[in-house]
Amino acid sequence: MSKYFNKAMETASRDELYHLQSYNLIKTVKHVYENMPMYRERMDAAGVKPEDIHSIEDLHKLPFTHKQDLRDGYPYGMFCVEPKNLIRIHASSGTTGKQTVVGYTKGDLELWSECAARALVAAGADKDDFVHIAYGYGLFTGGLGIHDGAQKMGATVIPASSGNTARQVTMLQDFGSSILCCTPSYALYLADTLKEQGISLDKIHLKAGIFGAEPWTEEMRAEIQERLGIKAYDIYGLSEISGPGVAFDCECQNGMHVNEDNFIIEIIDPETEEVLPDGQLGEVVFTCITKEALPLIRYRTHDISSITHEKCACGRTFVRMQKPCGRSDDMLIIRGVNVFPSQVESVLLNCGEVDPHYMIIVDRKNNTDTMEIQVEVSAANFSDHVKGMEELAAKINAGMQSTLGLSSRITFVEPGTIPRSEGKAKRVIDKRKLH
Ligand code: DLL
C-alpha cells in the first residue's frame with residue numbers, strides 16, 4: 001500500500017499541477033525581476049518582462065542560469081532577500097575555485113524539509129523508524145537536509161554524519177537503525193565492513209536505505225539490496241535547487257518523482273538548448289517556483305537524464321526522472337567516444353564475478369587515449385590460474401566493447417585496494433589533464 005507524506009499534493013491531478021505551477025512561476029518571475037539585479041538585466045536583454053509569463057508554457061522564454069552566475073555572485077550576490085533574513089547557509093565544495101554558496105529563509109527550509117520527508121515516506125519510513133543519517137553534516141546539504149525531513153515526519157533521527165566506519169557499524173547494531181541514509185558507495189563500504197567483522201544481517205535492523213548524491217546504476221542497486229538485505233531507494237538533489245529531495249524513488253523504483261509543486265523540470269539538448277520530449281536523454285534544467293532566497297530560473301544542472309509523464313503505479317502524479325547516468329562534465333571522451341563512469345559500472349557488475357569497487361584511469365600514450373579499469377576481485381572469485389583471470393578480463397573487455405564500443409585494459413586488484421569513500425566516490429583518474 002502506498003504511503004504519502006502529503007497525499008493531496010503528491011497525487012494532485014495534472015490539471016491541478018499545471019495551474020499551481022503556472023501561478024507559482026508567475027509569482028517567482030516577478031520576485032526575481034524585482035529583487036535580483038542579474039535576472040532583471042538578463043530578462044531585459046532577452047526582451048522578456050514578468051507580464052509576458054502567463055503560464056508554464058512561457059517558461060522557454062526565460063534565460064538560463066549557470067553555475068558560473070553563482071560563482072560570479074559569490075557569496076550572497078544572487079540572493080533575492082537580505083542576507084540577514086536567511087536562517088541557513090549551505091555550500092557545495094566543487095573541485096575548483098570558490099564554493100557555491102546557497103541560502104534559505106525559514107519558508108525555504110520548511111519546503112525543503114517537506115520534500116525530504118516525502119522521500120522518506122515514499123521509501124517506507126514512518127514515525128516509528130530510526131533514521132540513521134551517514135551523509136556528511138555541515139555545509140554539504142546531505143546530512144542536515146535529510147535530518148530536517150526525518151524530523152518533520154516524526155521519525156527518530158540518528159545524526160551519525162559521515163566517517164568513522166567502525167563506530168557507524170556499532171551504531172547500526174545497537175541503536176536500532178531501520179533506515180540508512182548515505183551515498184551508495186558508502187553503503188557498500190558499510191556492507192563490506194559488516195562482512196569483514198563477521199556481523200550477520202540479523203544483527204542489524206535495517207529495512208531500507210535512501211542513497212544519492214552521486215550516480216549509481218541499477219546493478220549497484222541490486223548489489224546493495226542483496227548485501228544489506230534492504231530495499232535501496234534513490235534520492236536526487238543539488239544544493240543550488242535546495243538539497244536532497246528534489247526527486248525521490250517510490251516503492252516502484254522506476255524513476256524518481258520530481259517534487260513538481262516546488263520545482264519545474266525540463267530536459268534540454270545541451271548544445272542547441274532546445275527542450276526535449278519525454279524519453280529523450282539530455283541535460284536536466286530546474287526552475288524553483290516556491291523559494292524566497294534563491295529561486296533559480298532554468299538552472300542548468302549538467303546532469304544527464306530523461307523524464308516520463310507516464311502514470312506510476314504508486315499513485316503519485318509527479319513526473320519521473322530516470323536515474324541520472326552522470327554529469328556532462330564527468331563524461332570522459334576517450335578516443336572520441338563518450339563514456340560515463342556509470343556505463344563502466346554496469347558492465348563490471350553485470351559480469352557478476354568482480355566486486356563493485358573500481359577506478360577508471362585514463363591516460364594518453366603515443367597520442368592515443370588509453371583506458372585502464374582497475375577492479376577488485378574477491379578471494380572467492382580469484383583464480384590461481386593465470387588463464388582463468390585472463391578469461392575473466394577478456395569477458396569484461398568484450399562487455400566494454402559492446403557497451404562502449406571501446407576496448408580497455410582490465411586490471412584485477414586485491415580486495416581493499418581501491419580507496420573507499422565516506423561521501424561521493426571518486427571513480428576516475430584522468431592523467432591526460434596532468435600532461
Ligand atoms: O549531492 C545533494 C544530495 C545529498 C542529494 C544527499 C542526494 C542525497 P550537491 O553536493 O550540490 O548536492 O551535488 C549535486 O550531485 O547535480 C548530481 O550531479 C549529483 N547527484 C545528487 N543526487 C544524485 C543521484 C547533493 N541520486 C550533484 N544520482 C547533482 C546521481 C546525483 N547523481
Side-chain angles (χ1 to χ4, degrees), residues 1-3 119-135 142 146 150 153 155-158 160 162 164-235 244 248-254 256 314 323 345-346 348-358 376-381 415-416 418 420-423 425:
M1 236 265 300
S2 287
K3 286 193 294 180
L120 281 150
V121 173
D126 63 32
K127 59 178 183 32
D128 296 337
D129 275 304
F130 284 71
V131 180
H132 181 119
I133 305 176
Y135 286 113
I146 307 273
M153 40 90 45
T156 306
V157 179
I158 304 175
S162 58
N164 202 340
T165 304
R167 196 189 56 186
Q168 303 268 1
V169 166
T170 307
M171 286 194 285
L172 282 176
Q173 293 175 91
D174 298 347
F175 290 8
S177 314
S178 54
I179 310 268
L180 172 64
C181 305
C182 60
T183 57
S185 49
Y186 193 58
L188 270 180
Y189 185 10
L190 284 171
D192 284 352
T193 311
L194 288 168
K195 194 170 161 206
E196 269 163 36
Q197 297 188 1
I199 301 163
S200 59
L201 291 181
D202 58 355
K203 297 279 184 306
I204 58 170
H205 314 279
L206 289 180
K207 64 177 189 193
I210 305 183
F211 307 124
E214 64 186 8
W216 54 307
T217 56
E218 285 302 335
E219 289 81 4
M220 186 69 96
R221 191 204 299 266
E223 182 93 23
I224 295 174
Q225 295 195 144
E226 197 203 311
R227 303 262 303 266
L228 283 175
I230 57 172
K231 227 174 146 178
Y233 294 85
D234 201 352
I235 184 166
F248 59 94
D249 258 347
C250 65
E251 76 235 27
C252 302
Q253 295 177 310
N254 190 19
M256 289 182 275
C314 77
K323 258 178 164 324
E345 181 176 300
S346 282
L348 289 175
L349 297 192
N350 263 324
C351 102
E353 291 172 61
V354 292
D355 282 353
H357 301 291
Y358 63 95
E376 291 183 8
V377 183
S378 62
N381 280 325
I418 306 284
R420 302 296 193 257
S421 144
E422 291 164 350

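Just so you know, these numbers use all the heavy atoms, side chains as well, and skip hydrogens, waters and symmetry mates.
Residues that satisfy the side chain to side chain donor-acceptor pair (under 3.5 Å) test with E345, not counting sequence neighbours, are T217, Y358. When the salt bridge (charged side-chain N to carboxylate O under 4.0 Å, His left out) test is applied to K207, the partners found at least two apart in sequence or on another chain are D129. Under the rule for a salt bridge (charged side-chain N to carboxylate O under 4.0 Å, His left out), the partners of E353 that lie at least two apart in sequence or sit in another chain are K395.
The backbone N or O of H357 sits nowhere less than 3.5 Å from a side-chain atom of D355 that would complete a donor-acceptor pair. The closest donor-acceptor contact from the side chain of K323 to the backbone of E218 lies at 3.5 Å or more, if one exists at all. Counting only distance, with no hydrogens or angles, the side chain of S177 and the backbone of F130 share no donor-acceptor pair below 3.5 Å. No side-chain donor-acceptor contact under 3.5 Å links Y233 to the backbone of A119. One N or O on the side chain of Q253 and one on the backbone of A232 form a donor-acceptor pair closer than 3.5 Å. Listed for the E214 side chain is a donor-acceptor partner under 3.5 Å among the backbone atoms of S185.
Looking only at side-chain heavy atoms (C-beta outward), L190 and L180 come within less than 4.5 Å of each other. Side chains of Y186 and T165 form a contact here, defined as non-hydrogen atoms less than 4.5 Å apart.
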Yes or no on side-chain contact (heavy atoms from CB on, under 4.5 Å) for C182 and F211, after CA distance, side-chain angles and deciding distance? CA-CA 5 Å; C182 60; F211 307 124; 3.7 Å; yes

Between L188 and W216, is the side-chain contact (heavy atoms from CB on, under 4.5 Å) condition met? List the steps. CA-CA 12 Å; L188 270 180; W216 54 307; over 6 Å; no

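Taken to the nearest 0.5 Å, the CZ atom of F175 stands 12.5 Å off from the OG1 atom of T156. Going from atom CD1 of I204 over to atom CD1 of I199 covers 8.5 Å, rounded to the nearest 0.5 Å. To the nearest 0.5 Å, the span separating CD on Q173 from OG on S200 amounts to 8.5 Å. Between atom CD1 of residue I230 and atom CD1 of residue I179 there is a gap of 9.0 Å, rounded to the nearest 0.5 Å.
Salt bridge annotation for R420-E376: present, with a cationic side-chain nitrogen under 4.0 angstrom from a carboxylate oxygen. Salt bridge R221/D249: present, at least one basic N to carboxylate O contact under 4.0 Å.
Side chains of E422 and Q168: no donor on one and acceptor on the other come within 3.5 Å.
Around the CD atom of Q197, the shell of radius 6.0 Å holds more than 12 heavy atoms that belong to other residues, nucleotides or ligands.
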